[in-house]
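Report on the following structure.
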Amino acid sequence: MTDAQLNKEIECRRTFAIISHPDAGKTTITEKVLLYGNHLQKAGTVKGRGSNQHAKSDWMEMEKDRGISITTSVMQFPYKGSLVNLLDTPGHEDFSEDTYRTLTAVDSCLMVIDAAKGVEDRTRKLMEVTRLRDTPIITFMNKLDRDIRDPMEVLDEVEDELKIACAPITWPIGCGKLFKGVYHIHRDEVILYQTGQGSTVQEVNTIKGLNNPEIDAAIGEDLAAQMRDELELVIGASHEFDQELFLAGELTPVFFGTALGNFGVDHMLDGLTQWSPTPMPRQTSVREVFANEENFSGFIFKIQANMDPKHRDRVAFMRIVSGKYEKGMKMNHVRLGKDVRISDALTFVAGDRSAVEEAYPGDIIGLHNHGTIQIGDTFTQGEDFKFAGIPNFAPELFRRIRLKDPLKQKQLLKGLIQLSEEGAVQVFRPLDNNDLIVGAVGILQFDVVVQRLKSEYNVEAIYEAVNVATARWVSCEDDKKFEEFRRKCSTNLALDGGNNLTYIAPTRVNLNLSKERYPEVVFTETREH
Ligand code: GDP
């Protein structure tokens with residue numbers, strides 16, 4: 001493989017995820033995006049709404065039962081000469097850790113905002129996470145087919161609350177029943193909206209030039225005049241698109257449309273493929289690694305079980321950072337210091353799994369995992385480094401877990417440790433007793449764990465209340481002081497699934513007292529895998 005070939009593959013790749021508040025339209029946009037990627041002939045199959053084709057990401061019964069999307073799936077599709085990887089993230093807040101980790105594996109994000117509602121809570125939180133790496137953000141203002149708020153006001157809200165400058169690329173003409181389409185500021189053309197085209201790629205009806213009288217004929221003189229006035233204001237008052245500021249995460253191009261009406265998603269995709277970064281370098285424990293390096297490297301950001309009920313397996317998702325994956329290649333599993341030959345990695349084209357022959361930086365491949373791969377693991381072609389920044393968050397909810405059949409203690413422990421390696425839940429083993437404490441960030445995680453322990457490990461477990469309010473990972477440079485801390489606080493200390501020492505506090509007051517009492521000990525709320 002020559003440098004030029006590798007560069008060509010890198011140049012065409014874009015890897016992104018969608019961040020939004022539940023109900024803003026993430027799923028609907030995903031469907032339309034896939035429609036453009038020619039993967040679904042007719043959109044409407046991601047959640048299987050009224051369709052007989054089963055939703056690909058709904059592999060878990062719970063998802064169907066509760067109508068929530070728990071898992072992260074990956075979709076790759078071509079779009080106008082680019083190859084786009086879209087990483088789906090769980091919509092439910094209880095699985096936000098998964099979302100955070102997924103955001104470490106993308107190079108840009110699409111922020112979807114319900115234009116009737118403006119900036120909502122979860123969007124705010126997710127934007128904070130993207131800030132950690134200054135991820136470039138593209139914005140889609142959705143649901144223009146409904147009555148929305150004044151678009152200028154919504155842009156102001158984004159700028160004020162999310163601290164990111166907005167550069168409108170398109171501007172809406174009316175909304176709700178009067179939604180007529182958008183004016184594309186960069187292309188100087190009006191693109192007309194037609195209703196009833198939600199599930200097919202629309203025939204594009206455009207009128208070139210803002211002062212073209214055809215616009216008046218198409219949307220009426222009043223609306224046309226109003227649009228021209230508004231645009232004069234908007235163009236004067238808003239930011240111009242600036243590639244550098246966009247790449248620095250300081251400015252977002254904004255598109256308007258309706259995902260349900262399948263309008264505007266293509267404008268957004270055009271912007272995304274034109275402006276979003278090609279696969280970015282990633283920091284490691286030793287140095288920064290660039291996509292166009294000859295040697296292969298990648299990291300695991302997600303482990304998912306039972307992707308396909310027929311297979312009952314666990315798949316580790318790897319983001320390729322550099323070099324090329326080829327079927328049958330040997331890679332080094334850095335944490336284990338072991339070479340492994342990988343001949344059956346998977347790709348996820350529109351949610352379907354298939355064997356991959358080759359893959360490049362920006363791509364996500366799935367490795368079959370028989371318990372040796374953990375979240376955060378690095379794979380290289382021999383070099384000894386570890387990718388940085390894949391977080392674990394201190395859980396806020398705790399339960400003691402107990403077996404119905406006490407003879408299966410070993411199975412239970414094995415199951416819990418494996419599930420914690422997947423990031424499904426966290427497990428703590430107190431130093432002073434034989435309890436098993438499960439910690440979660442969101443309450444639904446507890447249900448998932450019990451269900452999976454039963455179906456995958458054949459153990460029936462139940463929860464009991466436990467007197468733990470919060471947990472912190474602890475470390476200390478001074479061995480002597482640490483030893484004293486360990487001795488005096490042993491009743492509050494536990495080992496997590498990866499044998500890291502953790503302080504489990506019955507109350508926040510207790511935590512604060514211990515922090516004051518042992519100033520040399522570092523208590524951390526997030527831990528890198
Ligand atoms: P998610 O929770 O962000 O994945 O949101 P969904 O894509 O499931 O959408 C939530 C609801 O909003 C669904 O009932 C969609 O049909 C609806 N919806 C999504 N996009 C639009 C839109 O552009 N216009 C209207 N009117 N409804 C929409």
Side-chain angles (χ1 to χ4, degrees), residues 16-36 40 42-51 55-58 62-64 66-75 86-96 98-99 102-103 109-127 137-149 151 154 170 172-182 191 193-202 254-269 351 442 444:
F16 79 108
I18 301 178
I19 57 174
S20 63
H21 192 82
D23 273 348
K26 180 165 68 87
T27 310
T28 313
I29 290 198
T30 304
E31 287 168 1
K32 308 306 171 186
V33 159
L34 289 177
L35 180 67
Y36 282 103
L40 301 180
K42 208 167 156 56
T45 49
V46 171
K47 268 189 191 166
R49 290 192 195 107
S51 134
K56 292 299 194 309
S57 58
D58 278 357
M62 271 198 41
E63 288 196 288
K64 286 187 213 137
R66 305 190 185 205
I68 53 172
S69 162
I70 296 173
T71 57
T72 306
S73 42
V74 181
M75 287 155 267
L86 168 57
L87 277 56
D88 188 19
T89 52
H92 200 287
E93 185 162 27
D94 283 4
F95 301 93
S96 52
D98 260 3
T99 303
T102 297
L103 295 183
C109 285
L110 171 65
M111 171 165 73
V112 178
I113 289 182
D114 180 334
K117 295 192 174 148
V119 176
E120 294 178 271
D121 203 37
R122 203 155 143 64
T123 310
R124 231 172 260 131
K125 283 201 196 115
L126 290 166
M127 275 294 282
I137 308 287
I138 291 167
T139 302
F140 189 78
M141 293 287 177
N142 192 26
K143 306 200 184 181
L144 267 288
D145 60 323
R146 292 215 185 134
D147 290 330
I148 61 158
R149 287 167 49 191
V154 181
T170 62
I173 309 169
C175 70
K177 288 206 167 58
L178 290 178
F179 182 53
K180 298 292 180 195
V182 296
I191 305 155
Y193 170 61
Q194 296 157 297
T195 50
Q197 302 282 310
S199 52
T200 49
V201 174
Q202 298 205 6
V254 181
F255 297 86
F256 289 83
T258 155
L260 194 65
N262 192 20
F263 184 84
V265 176
D266 51 341
H267 313 149
M268 178 281 294
L269 275 175
L444 280 175

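Please read these numbers as outputs of a predicted model, since none were measured by experiment. Order of listing sets the numbers, starting from 1, for every ligand and every atom in it.
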Which atoms of ligand 1 are found less than 4.0 Å from any heavy atom of T258?
22 (C), 23 (O), 24 (N)
Intermediate values then yes/no, side-chain contact (heavy atoms from CB on, under 4.5 Å), K125 and D121:
CA-CA 7 Å; K125 283 201 196 115; D121 203 37; 3.7 Å; yes
Only heavy atoms of T28, strictly under 4.0 Å: list the atoms of ligand 1 that pass.
6 (P), 7 (O), 9 (O), 15 (C), 19 (C)
Side chain, backbone, both or neither: N142 near ligand 1, heavy atoms under 4.0 Å:
side chain
Could you pull out the closest heavy-atom pair between T102 and D88, with the gap in Å?
CG2-O, 4.3 Å
Compute the shortest N/O to N/O distance between I29 and ligand 1 and return yes if it is under 3.5 Å, no if not.
no
Which atoms of ligand 1 are found less than 4.0 Å from any heavy atom of R146?
26 (N), 27 (N)
How does D145 reach ligand 1, if at all, at less than 4.0 Å between non-hydrogen atoms: by side chain, backbone, both, or neither?
side chain
About how many Å separate OG1 of T258 and CD1 of I148, when rounded to the nearest 0.5 Å?
11.0 Å
Between G257 and ligand 1, is there a nitrogen or oxygen pair with a distance under 3.5 Å?
no
For the residue pair F263 and F179, does the interplanar ring angle fall in the parallel (under 30°), tilted (30 to 60°) or perpendicular (over 60°) class?
perpendicular
Are side-chain heavy atoms of V74 and L87 found at a separation under 4.5 Å?
yes
Using heavy atoms and a threshold below 4.0 Å, how should the contact between K26 and ligand 1 be classified: side chain, backbone, both, or neither?
both
Are any of the N/O atoms on A259, whether in the backbone or the side chain, positioned under 3.5 angstrom from an N/O atom of ligand 1?
yes
Criterion side-chain contact (heavy atoms from CB on, under 4.5 Å) on T89 and K26, from CA distance to verdict:
CA-CA 9 Å; T89 52; K26 180 165 68 87; 3.8 Å; yes
Which of the atoms of ligand 1 are close to D23, meaning less than 4.0 Å from one of its heavy atoms?
1 (P), 2 (O), 3 (O), 5 (O), 10 (C), 12 (O)
Could you state the interatomic distance from OG1 (T139) to CD1 (I19), rounded to the nearest 0.5 Å?
8.0 Å
